[in-house]
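Predicted model, so just to flag it, every value in this text is computed and none were measured. Below, each value reflects all heavy atoms present in this structure, side chains not excepted, and no hydrogens, waters or symmetry copies.
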Amino acid sequence: MLKTEPFILNIGPQHPSTHGVFRLRATMDGEIMTDVEPVFGYLHRGLEKLMEGRTYKENIPLTDRLDYVSAINNNWPYVLALEELAGISVPARAEYIRVIMGELQRIASHLLAIGSLMNDMGAFYTPFMYMFREREKILDLFSMVTGQRLLYNFMRFGGVSHDFPAEFLPALDKLLRTLPGFLDEYDALLAENEVLLGRTKGVGRLSAEMAINASVSGPVLRGSGVRWDIRKASPYSVYDHLEFDIPVGTIGDTYDRYRVRMAEMRESIHLIRQATQQLPAGKTMNNVPLRFRPPRGEAYAQVEAPRGALGCYLVSDGSETPYRCHFRAPAFLNLSALKEMLIGQKLSDAIIIFGSIDISMGEVDR
């Protein structure tokens with residue numbers, strides 16, 4: 001039997017398939033990974049420390065930059081935590097607007113995640129362009145409301161920064177009528193594609209027990225067959241007024257994580273339809289002083305972001321700046337299961353498994 005000498009292989013931190021400045025230090029036995037050490041910190045900006053020197057409102061744009069692929073969802077737990085701490089109410093119309101924009105952001109994020117995953121395989125560049133074609137339509141809607149296409153600074157304590165302009169709902173309805181057909185087309189092209197099945201089926205398996213023990217959340221957790229979603233388990237905003245299913249996988253492989261994200265986009269479309277039908281009239285903001293000083297205390301709020309459970313722990317000392325603000329970043333915790341998913345796999349599968357986690361390094365290196 002041929003024996004090989006183990007060697008160390010560094011993947012990244014500047015590699016096109018590491019989705020940011022992320023380094024993977026792999027111990028190789030031939031083509032098989034026998035040990036893996038994820039290395040991050042290259043993008044660290046000390047964002048949580050920066051928030052201690054800014055007023056509560058000035059910190060909202062910083063939350064956009066936690067995960068720049070789903071900025072609107074990152075505003076949400078921060079404003080929820082302060083609203084809970086200070087007892088600030090939110091108008092009903094603003095709650096529905098938050099849900100509509102948050103679910104649109106989820107679709108945009110999943111489109112990027114799935115398109116990038118296909119591109120990582122080296123044989124599917126066309127699906128990447130298809131995904132960006134549809135994602136562009138969502139960014140146009142965001143620009144229509146906020147004037148921005150990436151970092152929106154949208155949510156506020158007690159509401160949202162902008163109401164929908166008159167042309168938004170007709171444009172949104174047009175998008176919702178075409179998106180399901182696009183997803184059907186995408187499924188017809190890829191769901192049973194031999195290359196996709198060969199590269200993802202049984203690759204990077206993560207058991208339900210391991211996923212729970214590693215505090216994994218989001219599509220990675222649900223891909224392992226665990227039916228858990230904060231929008232159902234601990235409803236916030238108006239999610240308890242809306243109906244939707246929680247898609248799950250069966251064996252927790254790369255294919256299951258891909259299928260869960262595809263199904264979640266369909267559920268997001270269903271949620272947005274319900275929210276637009278129930279959207280009430282009224283104001284979108286309750287007045288909160290510019291240099292607001294919440295009472296002393298602490299609060300924790302969490303939302304179901306595109307990458308999983310995103311939480312914000314906020315501590316107030318009664319001043320106009322937070323004493324402490326800490327985020328539970330789902331991408332950071334989802335990475336804790338990467339080693340279990342990679343050991344025993346071939347190097348050629350490493351990037352695909354890593355891509356199926358769908359991390360954002362801004363969130364990991366906060």
Check the pair I357, V216 against side chain to side chain contact (heavy atoms under 4.5 Å, CB included), reporting the backbone distance first and the verdict last. CA-CA 10 Å; I357 297 178; V216 164; over 6 Å; no
Looking at every heavy atom in both L117 and G355, which two are closest together, and how far apart are they? CD1-C, 4.0 Å
For P38 versus F22, what's the shortest heavy-atom pair and its separation? CB-CZ, 3.7 Å
Tell me whether R366 forms a cation-pi arrangement with F327, defined as NZ or CZ under 6.0 Å from the six-membered ring centre and within 45 degrees of its axis. no
NZ/NE/NH1/NH2 to OD/OE distance under 4.0 Å, R291 and E320: yes
Counting only N and O atoms by type, is there a donor-acceptor contact under 3.5 Å from the side chain of Q105 to the main-chain atoms of I72? yes
When you measure from the side chain of Y313 to the backbone N and O of E298, does any donor-acceptor pair fall under 3.5 Å? no
Check whether any side-chain heavy atom of L189 sits under 4.5 Å from a side-chain heavy atom of P127, and report yes or no. no
Test item: E83 side-chain N/O and G158 main-chain N/O as donor-acceptor pair under 3.5 Å: yes
With clusters defined by side-chain heavy atoms of hydrophobic residues (ILVMFWY) lying less than 4.5 Å apart, directly or transitively, does V220 cluster with I343? no
Between H326 and M51, is there a side-chain heavy-atom distance shorter than 4.5 Å? no
Charged N to carboxylate O below 4.0 Å: is that the case for R106 and E103? yes
Should L111 and Y68 be counted in the same cluster of Ile, Leu, Val, Met, Phe, Trp and Tyr side chains packed under 4.5 Å apart? yes
Exceeds 12 heavy-atom contacts within 6.0 angstrom, atom CZ of R25: no
According to a hydrophobic-cluster definition based on side-chain heavy atoms being under 4.5 Å apart (Ile, Leu, Val, Met, Phe, Trp, Tyr only), do M33 and F7 belong together? yes
Hey, is D240 close enough to K232 for a salt bridge, meaning N to O under 4.0 Å? no
Determine whether a donor-acceptor pair (N or O, by modelled atom type, separation under 3.5 Å) exists between the side chain of R307 and the backbone of D358. yes
Taking only Lys NZ, Arg NE, NH1 and NH2, and the carboxylate oxygens of Asp or Glu, determine whether R259 and D187 approach each other closer than 4.0 Å. yes
State, yes or no, whether a side-chain contact exists between C312 and L80 at a heavy-atom distance under 4.5 Å. no
Considering all heavy atoms, the nearest G223-V260 contact: CA-CG2, 3.8 Å
If I compare all heavy atoms of A309 with all of W228, which pair ends up nearest, and what's the gap? CB-CZ3, 4.3 Å
Check ion pair E267-R222 (N to O, under 4.0 angstrom): no
More than 12 foreign heavy atoms under 6.0 Å from CD of E194: is that the case here? no
Between the side chains of R23 and E37, is the shortest nitrogen-to-carboxylate-oxygen separation below 4.0 Å, so that they form an ion pair? no
Output all residues satisfying side chain to side chain contact (heavy atoms under 4.5 Å, CB included) with S348, sequence neighbours left out; order by chain, then residue number. R199, K346
Measure the shortest side-chain to side-chain distance between F292 and I88 over non-hydrogen atoms and say whether it is less than 4.5 angstrom. yes
Looking only at atom types and distance, does a side-chain atom of D256 sit under 3.5 Å from a main-chain N or O of I251, one as donor and one as acceptor? yes
Rounded to the nearest 0.5 Å, what's the gap from OG on S237 to CZ on R98? Could you check? 6.5 Å
Using the rule given for side-chain hydrogen bond (donor to acceptor under 3.5 Å, both in side chains), can you reason through T63 versus N75, listing the C-alpha separation, both sets of side-chain angles and the distance that settles it, and then say yes or no? CA-CA 6 Å; T63 65; N75 296 162; 2.8 Å; yes
Which is it for I351 and L24 under the side chain to side chain contact (heavy atoms under 4.5 Å, CB included) test, yes or no, and what are the steps along the way? CA-CA 10 Å; I351 294 302; L24 201 60; 5.9 Å; no
Are M28 and I8 joined in one hydrophobic group, where the rule is that I, L, V, M, F, W and Y side chains link up if heavy atoms are under 4.5 Å apart? no
Between D184 and R266, is the closest basic N to carboxylate O distance under 4.0 Å? yes
Any side-chain heavy-atom pair from L175 and L104 closer than 4.5 angstrom? yes
Does the ring center of F168 lie less than 6.0 Å from the ring center of F142? no
By the side chain to side chain donor-acceptor pair (under 3.5 Å) test, which pairs, at least two apart or in different chains, include something from residues 84-93? S89-N286, R93-D163
Results of side chain to side chain contact (heavy atoms under 4.5 Å, CB included) for L169 - residues two or more places apart only: F164, L172, T276, L279
So how far is it from I138 CD1 to M101 CE, rounded to the nearest 0.5 Å? 11.0 Å
F354/L335 under side chain to side chain contact (heavy atoms under 4.5 Å, CB included): CA gap, chis, key distance, verdict: CA-CA 9 Å; F354 175 69; L335 272 178; 3.8 Å; yes
Are any of the side-chain heavy atoms of Y42 and M361 separated by less than 4.5 Å? no
Return yes if some donor-acceptor pair links the side-chain N/O of S316 with the main-chain N/O of P295 below 3.5 Å, else return no. yes
Has the side chain of Y78 got a donor or acceptor atom that lies under 3.5 Å from a matching backbone atom of A301? no
Any side-chain heavy atom of M262 within less than 4.5 Å of one from I114? yes
Does E31 CD have over 12 foreign heavy atoms under 6.0 Å away? no
To the nearest 0.5 Å, what is the distance between OG1 (T146) and CG (L141)? 10.5 Å
Is it true that, when you exclude R296 itself, more than 12 heavy atoms of the residues, nucleotides or ligands shown sit nearer than 6.0 Å to its CZ? no
Distance in Å, L190 CG paired with L196 CG, rounded so as to fall on 0.5 Å steps: 6.0 Å
Cluster overlap M210 with L338, hydrophobic side-chain contacts below 4.5 Å: yes
Side-chain donor/acceptor of S234 to backbone N/O of I230, under 3.5 Å: no
Looking only at atom types and distance, does a side-chain atom of R261 sit under 3.5 Å from a main-chain N or O of P219, one as donor and one as acceptor? no
I need the I212 CD1 to S207 OG distance, nearest 0.5 Å. 8.5 Å
Which distance, rounded to the nearest 0.5 Å, do you find between the CD of Q345 and the OG1 of T34? 13.0 Å
Report the C-alpha separation of Q278 and H241 in whole Å, then their side-chain angles, then the decisive distance to 0.1 Å, and conclude whether the side-chain hydrogen bond (donor to acceptor under 3.5 Å, both in side chains) test is met. CA-CA 9 Å; Q278 299 177 24; H241 296 185; 5.0 Å; no
Report the C-alpha distance between D67 and S360 in whole Å, list the side-chain angles of each, state the deciding distance to 0.1 Å, and finish with yes or no for side-chain hydrogen bond (donor to acceptor under 3.5 Å, both in side chains). CA-CA 6 Å; D67 175 3; S360 170; 3.0 Å; yes
For the residue pair W76 and Y239, does the interplanar ring angle fall in the parallel (under 30°), tilted (30 to 60°) or perpendicular (over 60°) class? tilted
For the side chain of S217 and the backbone of P330, is there at least one donor-acceptor N/O pair under 3.5 Å apart? no
Run R177 and D173 through side chain to side chain contact (heavy atoms under 4.5 Å, CB included) and show every step you take. CA-CA 6 Å; R177 283 187 278 109; D173 181 65; 3.0 Å; yes
For R205, I'd like to know if atom CZ has over 12 heavy atoms of other residues, nucleotides or ligands within 6.0 Å. no
